[in-house]
Amino acid sequence: MSKGITNRADDYSQWYNDIVKKADLAEHSPVRGCMIIKPYGYSIWEKMQQQLDKMFKETGHTNAYFPLFVPKSFLSKEAAHVEGFAKECAVVTHYRLKNNEDGTGVIVDPDAKLEEELIIRPTSETVIWSTYKNWIQSYRDLPLLINQWANVVRWEMRTRLFLRTAEFLWQEGHTAHASKQEAVEETIQMLKIYAQFAEEHMAMPVIQGKKSESEKFPGAIDTYCIEALMQDGKALQAGTSHFLGQNFAKAFDVKFADNEGKLEYVWGTSWGVSTRLMGALIMAHSDDNGLVLPPKLAPIQVVIVPIYRTDEQKAAIEEKANEIVKLLRSKGLSVQFDKRDTHKPGWKFAEYELKGVPARIAIGPNDMENGTVEIARRDTGEKTTISMDEVGNYLPQLMDEIQDSIFKKAHGFRKDNLTSVDTWDQFKEVLDSKGGFILAHWDGTAETEDKIKEETKATIRCIPLDAVEEEGKCVYSGKPSNQRVIFARAY
RNA sequence: CGGGGUGUAGCGCAGCCCGGUAGCGCACCUGGUUUGGGACCAGGGGGCCGUAGGUUCGAAUCCUGCCACCCCGACCA
């Protein structure tokens, strides 16, 4: 079984690559670091988008679209921002091609050089804030709550499908507020939405926290994040929400008149999740037989596979299967009846397993005789035979059960791999033996953080929001600390 | 961007050391038997051997450049 998928235990990276390819999620493009998201992979992304979009709208946000190109001068308006992105920007310098005179194809027309180069957005803060300047005059224009679904480009040195690609899809929310408090509340609200999405829809437990000074978004006052733990013990940042303070308002001169007529800079936030979530989803639940999808994000929740010898059997089973399809669809499930006679049942079983379809119904001659169907669930591999009459109630329940069960499994894994340590030896020992999240005291300095990173490759993933005050000593420097932070090796 | 590895049919690989008609498995097409966990038999189609140069009578094979992918580092919200 599980043809061609490397075992996780043998080579985790290869296992991940195998899943992405074999489950038909994505493939490499002709351009370095870019990916082609295949229909099945894109369907999963669409499910994520739909749910997130709904949650954004429910909290008062509306979608808009800002352009791909950013004038070069915009990037340099916010010092920290340019510092953070300059090294990975793609730049458009010309606007025309022409036929090469020697007939060997096209070349860039040297006469078509742009007056000002255009940067392909690595994120849209600058274009958006330059626009907000015109949209905001008074406190009556606030808050401005906008989201956009877009692609961005960051010229990464080392790429991996979904986890880090040169071009990726994401959503970026950009809001402007009249008060600091309101902006901070928005930042936290969106963090909570990401956490809720990750846990309830992706069935992936996350830790909510704040980034350290050196890990935060360039241009932000505070960066909040959700951090997830992958099966190999490495952490993955799954979403970020930034309190921008008045940094971009000042850089782009965005002021509003308050109710006393006084001019003030507005307060901003930005927040985003990307196709990286696909990578998180894969690494959170999948196994050596392929993808495992939570029912809430599975493009196909239930697949029906017929088993037959004769045309009579085939016809009878099809009729029954169509009834079941209709019944389950009426209950809101996404069902596919795979009646192709070009593939054998065993082949289909393996195929849907690889693609992570949560539940499979097999109907064969024996079932027809007994009035039963066989149900197999992807997450545990368990098979049960139930009466055909129960199908309509059983499957919706099973979907909830699977959703719950894979969350619990992932949660249990994280629990087992979250370790509190108090000494530097323990820190290194735990990191090398089992990895995972390490809770340790930190003196709050960037120097210590850097040293730890240098010596162990572990970084501070976040300062957890729910941390309890606790007197202790920094695991590295021994200086006093009043709170534990989360360390891990990360993607 | 540094170190190592790989690039040969849609996919996975052999052939390369030692230059001389491009092969195997899976997939694909045709026909038949099959169908409760990736079926079997017979026949068939498919290649600018990553790419550009060089050496040679002759290059998948030797040499050089480039490109891409993988692993490890550096880098990375």
Side-chain angles (χ1 to χ4, degrees), chain A residues 1-6 11-14 16-18 20-22 24 27-35 80-81 83-89 104 122-123 125 152 154-161 163-166 168 170 172 210-220 222-227 236-242 244 270-274 276 289-290 305-311 313-314 317 339-354 360-370 372-374 376 381 383 385 453-454 457 459 461-462 490-491:
Chain A
M1 239 195 277
S2 68
K3 264 192 184 165
I5 295 187
T6 307
D11 186 341
Y12 193 82
S13 298
Q14 194 52 50
Y16 175 83
N17 291 333
D18 287 348
V20 171
K21 280 177 197 147
K22 298 279 161 71
D24 256 346
E27 61 188 45
H28 289 282
S29 82
V31 177
R32 176 200 185 83
C34 295
M35 67 175 161
H81 195 62
E83 177 87 12
F85 287 112
K87 282 172 287 185
E88 47 185 341
C89 285
T104 53
T123 178
E125 270 77 5
V152 288
R154 296 177 191 177
W155 215 260
E156 301 286 354
M157 285 301 161
R158 196 171 155 188
T159 59
R160 297 196 61 190
L161 292 171
L163 294 174
R164 177 172 288 113
T165 46
F168 56 93
W170 77 345
E172 45 180 327
K210 194 169 161 181
K211 283 291 183 192
S212 67
E213 203 51 26
S214 47
E215 293 277 331
K216 74 175 195 193
F217 172 70
D222 287 315
T223 289
Y224 295 86
C225 62
I226 52 171
E227 291 283 330
L236 183 80
Q237 177 179 298
T240 48
S241 184
H242 316 287
L244 303 174
S270 68
W271 27 273
V273 294
S274 71
R276 183 177 234 208
N289 294 325
V305 177
I307 298 154
Y308 52 82
R309 277 180 235 277
T310 65
D311 284 348
Q313 287 171 343
K314 185 183 173 189
I317 290 169
K339 60 179 179 182
R340 289 178 297 174
D341 55 11
T342 50
H343 295 280
K344 293 185 55 171
W347 190 92
K348 293 176 184 174
F349 291 175
E351 180 70 7
Y352 291 109
E353 200 163 81
L354 197 52
R360 179 187 75 223
I361 301 177
I363 312 173
N366 301 342
D367 294 305
M368 293 300 281
E369 215 167 285
N370 304 330
T372 58
V373 295
E374 184 197 73
K383 288 183 198 171
T385 299
K453 184 178 178 183
E454 213 172 287
K457 288 174 194 124
T459 50
R461 300 321 302 154
C462 67
Y491 275 96

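Within every chain, numbering begins at 1; the chains are lettered A, B, ... in the order of the sequence lines, protein sequences first and strands thereafter. Predicted model, so just to flag it, every value in this text is computed and none were measured.
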Chemist: If we take the C1' atom in both B/rU61 and B/rC41, what is their distance in whole Å?
Modeler: 37 Å

Chemist: Does the Lys NZ or Arg CZ of A/Arg360 fall within the cation-pi geometry relative to A/Phe349 - under 6.0 Å from the ring centre and within 45° of the axis?
Modeler: yes

Chemist: Would you indicate what A/Pro122 reaches in the nucleic acid, counting non-hydrogen atoms under 4.0 angstrom: base, sugar-phosphate, or nothing?
Modeler: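 Touches a base.
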
Chemist: Which one is paired to B/rG31, where only Watson-Crick or G-U wobble pairs with both distances under 3.5 angstrom count?
Modeler: B/rC41

Chemist: Considering only heavy atoms from C-beta outward, does the side chain of A/Trp155 approach that of A/Lys87 to under 4.5 Å?
Modeler: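 No - every pair of side-chain heavy atoms lies 4.5 Å or more apart.
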
Chemist: Write down the distance between CZ (A/Arg158) and C1' (B/rA68), rounded to a whole number of angstrom.
Modeler: 16 Å

Chemist: Donor-acceptor pair under 3.5 Å: do we get one between A/Arg164's side chain and the base of B/rC76?
Modeler: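 When only heavy-atom distances are counted, A/Arg164 does reach the base of B/rC76 through a donor-acceptor pair under 3.5 Å.
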
Chemist: P atom, B/rG15 versus B/rG7: distance in rounded Å?
Modeler: 10 Å

Chemist: When the C1' atoms of B/rC48 and B/rA52 are compared, how many Å lie between them, rounded to an integer?
Modeler: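 The same atom, C1', in both gives a distance of 13 Å.
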
Chemist: Without decimals, in angstroms, what is the distance between A/Lys344 NZ and B/rA27 C1'?
Modeler: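 In whole Å, B/rA27 C1' and A/Lys344 NZ are 16 Å from each other.
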
Chemist: Return the 5'-most residue of the pair A/Arg160, A/Phe168 with respect to RNA chain B, ranking by each residue's nearest nucleotide.
Modeler: A/Arg160

Chemist: Roughly how many Å apart are B/rG54 and B/rA9, using the C1' atom of each and rounding to a whole number?
Modeler: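 Those two atoms are separated by 28 Å.
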
Chemist: Using the C1' atom on both, measure B/rU30 against B/rC69 and round to a whole Å.
Modeler: 37 Å

Chemist: Can you tell me if the side-chain N/O atoms of A/Lys87 get under 4.0 Å from OP1 or OP2 in B/rC76?
Modeler: yes

Chemist: Using every non-hydrogen atom in the two residues, find where A/Arg276 and A/Gln237 come nearest and quote the distance to one decimal.
Modeler: NH1-O, 3.2 Å

Chemist: Any idea which of B/rG73, B/rG36, B/rC69 is nearest the A/Arg32 side chain?
Modeler: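 Among B/rG73, B/rG36, B/rC69, the one nearest the side chain of A/Arg32 is B/rC69.
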
Chemist: For A/Ile307 and A/Ala362, which heavy atoms make the closest approach, and how far apart are they?
Modeler: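 That would be CD1-CB, 4.0 Å.
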
Chemist: With heavy atoms under 4.0 Å as the rule, sort A/Gly33 into base, sugar-phosphate or nothing.
Modeler: sugar-phosphate

Chemist: Is A/Lys383 side chain donor-acceptor paired with the B/rG37 base, going by distance under 3.5 Å alone?
Modeler: yes

Chemist: Find the partner of B/rU6: check Watson-Crick (N1-N3 plus N6-O4 or O6-N4) and G-U wobble (N1-O2, O6-N3) distances, both under 3.5 Å, and reply none if neither fits.
Modeler: B/rA68

Chemist: Just name whichever nucleotide pairs with B/rA14, Watson-Crick or G-U, keeping both distances under 3.5 Å, else none.
Modeler: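 For B/rA14, the partner nucleotide comes out as none, under the 3.5 Å rule.
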
Chemist: Find the distance A/Asn366:CG to B/rU35:P and express it as a whole number of Å.
Modeler: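 From A/Asn366 CG to B/rU35 P: 12 Å.
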
Chemist: What does A/Gly364 touch in the nucleic acid at a heavy-atom separation under 4.0 angstrom: a base, only the sugar-phosphate, or nothing?
Modeler: base

Chemist: Decide, yes or no, whether a salt bridge links A/Lys344 with A/Glu351 under the criterion of side-chain N to carboxylate O below 4.0 Å.
Modeler: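 No, this pair does not count.
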
Chemist: From the list B/rC70, B/rG37, B/rG38, which nucleotide is the closest neighbour of the side chain of A/His28?
Modeler: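 Within the option list, the nearest is B/rC70.
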
Chemist: Distance check, P atoms only: B/rU8 and B/rC1, in whole angstrom units.
Modeler: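 So the two P atoms sit 24 Å from each other.
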
Chemist: Measure across A/Thr459 and A/Ala490 and return the closest heavy-atom pair with its distance rounded to 0.1 Å.
Modeler: OG1-CB, 4.3 Å

Chemist: Any base atoms under 4.0 Å from A/Lys21, or only sugar-phosphate, or nothing? Heavy atoms, all strands.
Modeler: nothing

Chemist: Measure from CH2 on A/Trp170 to C1' on B/rC76 and round the result to the nearest Å.
Modeler: 14 Å

Chemist: Measuring from the side chain of A/Asp367 (C-beta onward, heavy atoms only), which nucleotide among B/rG36, B/rG38, B/rG37 has the closest atom?
Modeler: B/rG36

Chemist: Could you say whether A/Met157 or A/Ile363 is positioned toward the 5' end of RNA chain B, judged by the nucleotide with the nearest heavy atom to each?
Modeler: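 The residue whose closest nucleotide sits nearer the 5' end is A/Ile363.
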
Chemist: Counting heavy atoms from C-beta on, name the nucleotide in B/rC70, B/rG36, B/rC71 closest to the side chain of A/Pro345.
Modeler: B/rG36

Chemist: A/Glu27 has an atom CD; how far is it from atom P of B/rC69, in whole Å?
Modeler: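 The answer, rounded to whole Å, is 13 Å.
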
Chemist: Between B/rC75, B/rG37, B/rG36, spot the one nearest the side chain of A/Arg360, thanks.
Modeler: B/rG37

Chemist: What integer distance in Å separates A/Asn17:CG from B/rC72:P?
Modeler: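 Those two atoms, CG and P, are 10 Å apart.
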
Chemist: Expressed in whole Å, how much space separates the C1' atoms belonging to B/rA14 and B/rA22?
Modeler: 11 Å

Chemist: So which heavy atom on A/Arg32 is nearest to which on A/Met157, and how close?
Modeler: NH2-O, 3.7 Å

Chemist: If the P atom of B/rG47 is compared with that of B/rA42, how far apart are they to the nearest Å?
Modeler: 25 Å

Chemist: Counting only Watson-Crick pairs (N1-N3 plus N6-O4 or O6-N4) and G-U wobbles (N1-O2, O6-N3), all under 3.5 Å, who is the partner of B/rA74?
Modeler: none

Chemist: Whole Å only: how far is the CD atom of A/Glu156 from the C1' atom of B/rA74?
Modeler: 13 Å

Chemist: Side-chain N or O of A/Lys457 less than 4.0 angstrom from OP1 or OP2 on B/rG73?
Modeler: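 Yes.
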
Chemist: Measuring from A/Phe217:CZ to A/Lys211:NZ, what's the distance to the nearest 0.5 Å?
Modeler: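 Reported value, rounded in 0.5 Å steps: 13.5 Å.
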
Chemist: Could you give the NE2-to-C1' distance, from A/His343 to B/rU34, as a whole number of Å?
Modeler: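 Rounded to whole Å, this separation is 16 Å.
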
Chemist: Look at all strands and tell whether A/Asp341 reaches a base, only sugar-phosphate, or nothing, counting heavy atoms closer than 4.0 Å.
Modeler: nothing

Chemist: Quiz question: going by heavy-atom distance under 3.5 Å, is there a donor-acceptor pair between the base of B/rG36 and the side chain of A/Arg309?
Modeler: no

Chemist: Counting Watson-Crick and G-U wobble pairs only, both distances under 3.5 Å, name the nucleotide matched with B/rC57, or none.
Modeler: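 Result: B/rG20.
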
